[in-house]
Amino acid sequence: MTEDIGTEPTSNIRLAVNGTLHELEVPDRKLLSDVLRQDLELTGTHVGCEHGVCGACTVQLDGEPVRSCLMFAVTAQGHEITTVEGIGDDPENPSDVQQAFIDCHGLQCGFCTPGFVTTIDAYIDENPNPTEEEAREAVSGNLCRCTGYQNIVSAVCRAAELRAEGASQ
Amino acid sequence: MTTRLFGQKITRREDPRLLTGHGRYVDDVSGTAIAAAFVRSPHAHADILDIDVTGALDVAGVIAVWTHEDLPGQAAERLPMLIPHPSIVAPHTGYALARDHVNFVGEPIVMVIAENRYIAEDAANRIEVEYSFREAVVGVEASREGTRIVHEGMKDNVAAHIVQDVGDVDAGLEGAPHVLELDLEFERSACMPMEGKGVVARWDPGEESLEVHSSTQTSTGLRAVLAAKLEIPLTRVEVITPDVGGAFGVKINHPWPEELAVACAARALETTVKWTEDRREHFISSAHERAQTQWVKVGFDDEGRILGLDVKFWHDNGAYLPYGVIVPLNTSTHIMGPYVIPAFRVEYWSLYTNTVMVTPYRGAGRAHAVFMMERTMDAIAAELGLDRTEVRLRNFVRDFPHPMGLRMQDGAEGCIDSGDFVTSMDKLKSIVGWDEFETYREQARTEGRRVGIGLACYIESTGAGPYEGGHIEVESSGRVNVWTGLTTHGQAHATVFAQIVADELGVPLETVHVKTGDTRKLPYSVGTWGSRGAVMAGNALHLTAKKVRQKALRIAGESLEADPEDLEIDEGMIQVKGDPSASMPLAAVSVLSNPLRYAFDESARAATQFAKDSAEDEPSIGPGEQPGLEEQEFFSPLRSTVANGMHAAIVETDPETADIRILRYCVVHDCGPMVNPLVVEGQVHGGVAQGVGGALYEKMAYDADGQLLNASFMDFLMPFASEVPHVETDHLETPSPLNPLGIKGAGEAGTIPAATAIASAIEDAEGIPIRSMPLDPSTLWHMRTNHAAGELNRSR
């Protein structure tokens with residue numbers, strides 16, 4: 001009954017995160033969110049529900065938002081992972097989306113925020129000029145318990161403006 | 001002159017850190033620590049006959065397995081009942097690990113410590129517990145009947161019972177031309193912060209000391225209780241609360257069983273142990289709130305003026321009473337709301353059930369009170385054929401302060417310290433377009449649409465004592481360090497407290513740095529709850545900054561040979577008013593305040609020009625003086641402030657599907673002068689969103705056996721952006737006479753009346769009395785059918 005315990009299968013994986021390639025030995029069942037947080041110490045990615053609903057753990061996989069709590073780290077091999085730290089990790093020099101959140105008071109406790117940042121960062125590439133309604137739809141897959149969302153919706157529109165300004169400079 | 005920062009919409013100083021992944025939440029601390037997992041009861045009511053842990057011990061990587069008998073000394077005794085109250089007749093609390101019985105699904109029984117959480121859970125799954133089942137008591141009705149009893153030795157399930165009254169209610173009701181009775185019900189919901197609870201406990205065997213990181217709302221309280229339960233000196237326990245991912249009340253209870261068990265394990269194993277709650281654990285073992293069954297009898301005259309109000313309610317407090325009766329007590333003291341009610345009686349019973357315990361959730365107890373009073377106001381208006389706003393206007397308190405005649409949660413008599421309800425109502429009617437709504441309704445009707453408008457008014461006791469403190473030091477670099485004992489979970493403390501301190505000290509905002517929730521710097525504090533942060537710590541820091549300022553001016557006065565009264569501080573420079581040529585930086589005063597002879601930095605070198613020769617016969621530090629430009633001060637109020645506000649909602653209900661959509665949501669809010677309106681608005685928005693959840697979606701669905709059927713975000717529906725309306729706000733700022741800054745709390749305001757305002761609007765749209773919340777489309781659809789058949793006038 002207990003013979004399988006303690007010999008759990010592990011794999012040697014190569015994980016590309018925020019432009020850096022890491023070689024790691026991880027249990028096959030270990031979630032991508034846990035590997036990012038524990039093995040790579042990228043604690044910006046948060047775990048809110050571990051069943052894919054809340055979106056706090058959202059990272060970009062080849063530029064597309066995915067739930068890192070619903071994915072094993074071993075399956076992320078061969079893909080480019082971008083976490084919130086990859087969007088911008090310098091408090092003195094935040095990215096356009098991060099700046100938009102500051103401008104619009106788009107966060108309170110900040111726990112769900114990295115998931116919104118990674119989601120919106122991908123979204124405004126897809127839709128560089130969202131209406132308020134589109135902005136609301138874009139973030140309606142992520143839960144926030146603090147802000148009531150309207151400042152997050154404003155932050156989506158503001159982020160699009162900042163990105164357009166950045167592109168034209 | 002520096003612009004006053006109080007009242008400015010300043011963007012948050014904590015944001016850049018949190019947005020770039022540099023937040024530090026409890027699970028980010030000691031990522032490699034060994035981990036705890038818990039075996040929890042799958043049954044709501046059972047005796048534990050046997051626990052077999054042998055299977056777990058075989059799992060490689062398991063370090064320890066603990067049951068109740070492994071808990072040492074006081075840690076094995078019952079958990080404390082934190083806030084005793086005379087109404088509590090049967091105080092029952094649980095254990096860190098269950099002893100012999102379990103009383104709700106989710107109660108912790110065994111703790112497994114392993115190399116990591118994956119292994120700890122593997123092992124936990126191999127532990128076998130044998131139970132003897134008892135029938136569960138679920139819900140107010142079953143508890144009230146008392147045919148089954150939750151706690152052995154009790155003859156019923158009543159945990160607490162109290163009556164409070166003002167005036168002669170029976171006479172008031174008897175003499176009233178009109179009398180109405182209402183039966184009401186309010187939901188069971190939960191705070192559901194996005195970050196669950198968590199604790200990291202580190203034992204230092206050399207020092208025999210414990211350092212705990214916890215996502216608590218009260219680091220000082222947790223520190224005290226851990227010292228008591230582990231039976232170690234208070235000075236050998238420190239609690240640090242890092243960033244907290246939302247709390248809304250659930251993180252105020254302390255210690256949570258896991259906090260105590262994990263701390264015990266850290267000491268026994270002489271290492272660092274960590275537990276991070278997962279979402280299912282949060283659903284089944286962290287606290288819920290809200291469930292009440294209510295009865296109201298009201299007498300009123302032909303004008304709609306209330307002459308007597310008699311209220312009884314039954315509160316489901318779950319299996320244990322760790323946080324006392326704050327929730328039902330708050331309900332009982334907030335029912336009268338913003339109204340003059342000459343005769344009032346309230347009686348409550350707080351009842352045990354075999355479900356998760358109930359502790360405060362944002363709006364603690366007050367949302368339920370508003371439901372009773374405001375549903376009653378609407379019922380009076382309907383009975384007399386009057387406009388709902390008119391009935392309220394006729395009953396409003398108009399003279400302030402208005403003593404309420406009731407003992408509040410802080411033990412003091414409640415008193416509405418300030419407000420202007422008539423002006424607030426004018427503002428609300430104006431933003432929502434109350435007087436034009438009938439035209440809009442008619443137009444909607446021609447399009448086949450069904451709309452309704454509703455409102456709810458509330459008061460909220462905020463800023464409860466007993467005290468809160470501040471600690472400020474000015475470094476010789478000019479940097480101003482600020483500490484408050486409060487914890488922070490999104491309330492922008494790093495910004496609003498910096499605004500208050502910068503104003504008083506006359507320094508740029510950028511130089512002020514606020515730290516919260518660390519018992520190592522400020523061990524005297526109460527905690528962040530009940531809309532008290534800004535009122536209590538805000539005023540404490542204002543007073544502390546004043547003290548620092550006075551000391552700075554005194555020292556500068558000596559060097560500049562000026563009367564301190566003639567000095568001012570502007571942009572960090574102390575100068576003679578009207579004569580900028582005689583000035584010195586605050587940073588230099590910091591150097592002069594500390595008569596060391598080491599010149600560490602530029603400020604120290606600059607300060608030499610202001611240094612005077614020390615008098616021969618005087619010590620460097622005079623009697624009553626302390627080195628350093630550093631002070632501590634506390635603020636303790638006479639009683640709670642009382643904030644107030646009014647919400648209005650316009651809803652549309654689908655004539656076929658009964659889908660409910662909120663078209664407009666308007667808030668008029670009075671928390672006195674706002675330190676930072678951006679932050680206050682954010683608190684209101686978030687509060688309304690939680691209120692919308694409570695109105696339409698969130699409900700804990702227990703079956704008759706006490707199983708929570710919707711313990712995931714797939715099943716317990718919290719509103720996403722698609723469900724929360726845009727909130728339109730307006731503010732009134734009536735200063736409180738109870739504190740130097742005149743401020744009243746704002747944290748819970750958005751949540752308190754939301755479900756009731758929406759109930760009012762749905763009732764207006766449907767023409768069916770709404771007597772219970774939350775209300776989902778399916779229930780509304782059945783109500784329509786029943787109402788059409790003339791069968792039922794209850795919403796459930």
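The analysis underlying the following values was restricted to heavy atoms, covering all of them including side chains, and did not include hydrogens, waters or symmetry mates. By convention in this document, chain letters (A, B, ...) are assigned in the order of the sequence lines, proteins followed by strands, and residues within each chain are numbered from 1.
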Peer 1: Mind checking the OH-NE2 spacing from A:Y149 to B:H685? Nearest 0.5 Å is all I need.
Peer 2: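 Result: 14.5 Å between the selected atoms.
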
Peer 1: So which heavy atom on A:R136 is nearest to which on B:V724, and how close?
Peer 2: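 That closest heavy-atom pairing would be NH1-O, 2.9 Å.
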
Peer 1: Side chain from CB out, backbone as N, CA, C, O: work out which of these in A:D34 comes under 4.5 Å of a heavy atom of chain B, or both, or neither.
Peer 2: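 Looking at A:D34, just its side chain touches chain B.
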
Peer 1: What option among B:G21, B:G687, B:G23 has the most heavy-atom pairs under 4.5 Å with chain A?
Peer 2: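 Ranked by heavy-atom pairs under 4.5 Å with chain A, first place is B:G21.
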
Peer 1: Say you draw a straight line from CG of B:L678 to SG of A:C104; how long is it, rounded to the nearest 0.5 Å?
Peer 2: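 It comes to 9.5 Å.
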
Peer 1: Is B:D122 paired with A:R29 through a side-chain N to carboxylate O contact shorter than 4.0 Å?
Peer 2: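 Looking at B:D122 together with A:R29, the answer is yes, because their closest N to O distance falls below 4.0 Å.
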
Peer 1: If you count heavy atoms of other groups shown closer than 6.0 angstrom to CD of A:E133, is the number above 12?
Peer 2: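 Atom CD in A:E133 is not crowded, with 12 or fewer foreign heavy atoms closer than 6.0 Å.
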
Peer 1: Let me confirm one number: the CG-CG distance from A:L107 to B:L19, rounded to the nearest 0.5 Å.
Peer 2: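 Answer rounded to 0.5 Å: 5.0 Å.
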
Peer 1: Contact between B:T32 and A:Q38 at the side-chain level, heavy atoms closer than 4.5 Å - yes or no?
Peer 2: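 A side-chain contact is absent here, since even the closest heavy-atom pair is not under 4.5 Å.
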
Peer 1: Can you find a heavy atom in the side chain of A:C109 that is under 4.5 Å from one in the side chain of B:E195?
Peer 2: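 With C-beta onward as the side chain, the pair stays apart.
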
Peer 1: Considering non-hydrogen atoms only, spot the tightest contact between B:P719 and A:R145 and give its length.
Peer 2: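 Of all heavy-atom pairs spanning B:P719 and A:R145, the closest is CD-NH1, 4.2 Å.
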
Peer 1: Look at atom CZ of B:R280 and say whether more than 12 heavy atoms of other residues, nucleotides or ligands are closer to it than 6.0 Å.
Peer 2: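 Not more than 12 within 6.0 Å, no.
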
Peer 1: Between A:C49 and B:F713, which heavy-atom pair has the shortest distance, and what is it?
Peer 2: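 Nearest pair, atom of A:C49 first, then B:F713: CB-CD1, 3.5 Å.
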
Peer 1: Answer yes or no: are there more than 12 heavy-atom neighbours, outside A:E132 itself, under 6.0 Å from its atom CD?
Peer 2: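 Atom CD in A:E132 is not crowded, with 12 or fewer foreign heavy atoms closer than 6.0 Å.
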
Peer 1: Find out whether B:R279 and A:E50 are in side-chain contact, i.e. whether some heavy atom of one side chain is under 4.5 Å from a heavy atom of the other.
Peer 2: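 No; the side chains remain at least 4.5 Å from each other.
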
Peer 1: Let me confirm one number: the CZ-CG distance from A:F111 to B:D243, rounded to the nearest 0.5 Å.
Peer 2: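 Result: 10.5 Å between the selected atoms.
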
Peer 1: For the interface with chain B, which of A:T147, A:V84, A:T113 has the highest count of heavy-atom pairs at distances below 4.5 Å?
Peer 2: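 Of the options given, most contacts go to A:T147.
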
Peer 1: In terms of heavy-atom proximity below 4.5 Å to chain B, should A:Q98 be classed as side chain, backbone, both, or neither?
Peer 2: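 Both backbone and side chain of A:Q98 come within 4.5 Å of chain B.
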
Peer 1: With only heavy atoms counted, which part of B:E115 is less than 4.5 Å from chain A, the side chain, the backbone, both or neither?
Peer 2: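 Neither the backbone nor the side chain of B:E115 comes within 4.5 Å of chain A.
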
Peer 1: Measure distances from B:D27 to the heavy atoms of chain A and classify the residue's part below 4.5 Å as side chain, backbone, both or neither.
Peer 2: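 For B:D27, backbone and side chain are both near chain A.
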
Peer 1: How long is the span from the CZ atom in B:R13 to the CD1 atom in A:I102, to the nearest 0.5 Å?
Peer 2: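 Going from the CZ atom of B:R13 to the CD1 atom of A:I102 covers 12.5 Å.
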
Peer 1: Given the options B:C191, B:P725, B:G693, which has more heavy-atom pairs under 4.5 Å with chain A than any of the others?
Peer 2: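 Highest number of pairs under 4.5 Å: B:C191.
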
Peer 1: Would you mind telling me which of B:M192, B:R362, B:R17 has the largest number of heavy-atom pairs within less than 4.5 Å of chain A?
Peer 2: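 Top option by heavy-atom pairs under 4.5 Å: B:M192.
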
Peer 1: Would you find more than 12 non-hydrogen atoms of other residues, nucleotides or ligands less than 6.0 Å from A:E41 atom CD?
Peer 2: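 Incorrect, the count does not exceed 12.
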
Peer 1: Are B:D28 and A:R37 close enough for a salt bridge, meaning some N to O gap below 4.0 Å?
Peer 2: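 Looking at A:R37 together with B:D28, the answer is yes, because their closest N to O distance falls below 4.0 Å.
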
Peer 1: If we only count heavy atoms from C-beta on, is the A:F101 to B:D15 side-chain gap below 4.5 Å?
Peer 2: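 No; the side chains remain at least 4.5 Å from each other.
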
Peer 1: Pick one of side chain, backbone, both or neither for B:H22, based on which atoms fall under 4.5 Å of a heavy atom in chain A.
Peer 2: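 Side chain only.
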
Peer 1: Side chains of B:T20 and A:E85: closer than 4.5 Å at any heavy-atom pair?
Peer 2: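 No - every pair of side-chain heavy atoms lies 4.5 Å or more apart.
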
Peer 1: Looking at A:E137, I want to see if its CD is surrounded by more than 12 non-hydrogen atoms of other residues, nucleotides or ligands under 6.0 Å.
Peer 2: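 Count not over threshold, so no.
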
Peer 1: Less than 4.5 Å apart, any side-chain heavy atom of B:S712 and any of A:V53?
Peer 2: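 No, too far: nothing below the 4.5 Å cut-off.
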
Peer 1: With respect to chain B, which residue among A:V47, A:T45, A:D90, A:V97 yields the maximal number of heavy-atom pairs within a distance under 4.5 Å?
Peer 2: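 Max contact count across the listed options: A:D90.
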
Peer 1: Which heavy atom of B:Y118 sits nearest a heavy atom of A:L31, and at what distance?
Peer 2: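 Here B:Y118 and A:L31 meet closest at OH-N, 2.9 Å.
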
Peer 1: What's the spacing between B:M194 CE and A:Q108 CD if we round to 0.5 Å?
Peer 2: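 Separation between the atoms: 13.5 Å.
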
Peer 1: Any side-chain heavy atom of B:P16 within less than 4.5 Å of one from A:E92?
Peer 2: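 They are not in side-chain contact.
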
Peer 1: Are A:C146 and B:F248 packed together at the side-chain level, in the sense that at least one heavy-atom pair is separated by less than 4.5 angstrom?
Peer 2: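 Yes; the side chains approach each other to less than 4.5 Å.
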
Peer 1: Using non-hydrogen atoms only, which part of B:V684 is less than 4.5 Å away from chain A: side chain, backbone, both, or neither?
Peer 2: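 When you check distances to chain A, no heavy atom of B:V684 falls under 4.5 Å.
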
Peer 1: Write down the atom of B:A689, the atom of A:G148, and the distance for their closest heavy-atom approach.
Peer 2: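 Closest approach of B:A689 to A:G148, heavy atoms only: CB-CA, 3.5 Å.
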
Peer 1: Which pair of non-hydrogen atoms, one from B:V679 and one from A:H105, has the smallest distance, and what is that distance?
Peer 2: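 Looks like CA-NE2, 3.9 Å.
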
Peer 1: For the candidates A:N142, A:V153, A:V117, A:V139, which exhibits the highest count of non-hydrogen atom pairs separated by less than 4.5 Å from chain B?
Peer 2: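 Going by pairs under 4.5 Å, I would pick A:N142.
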
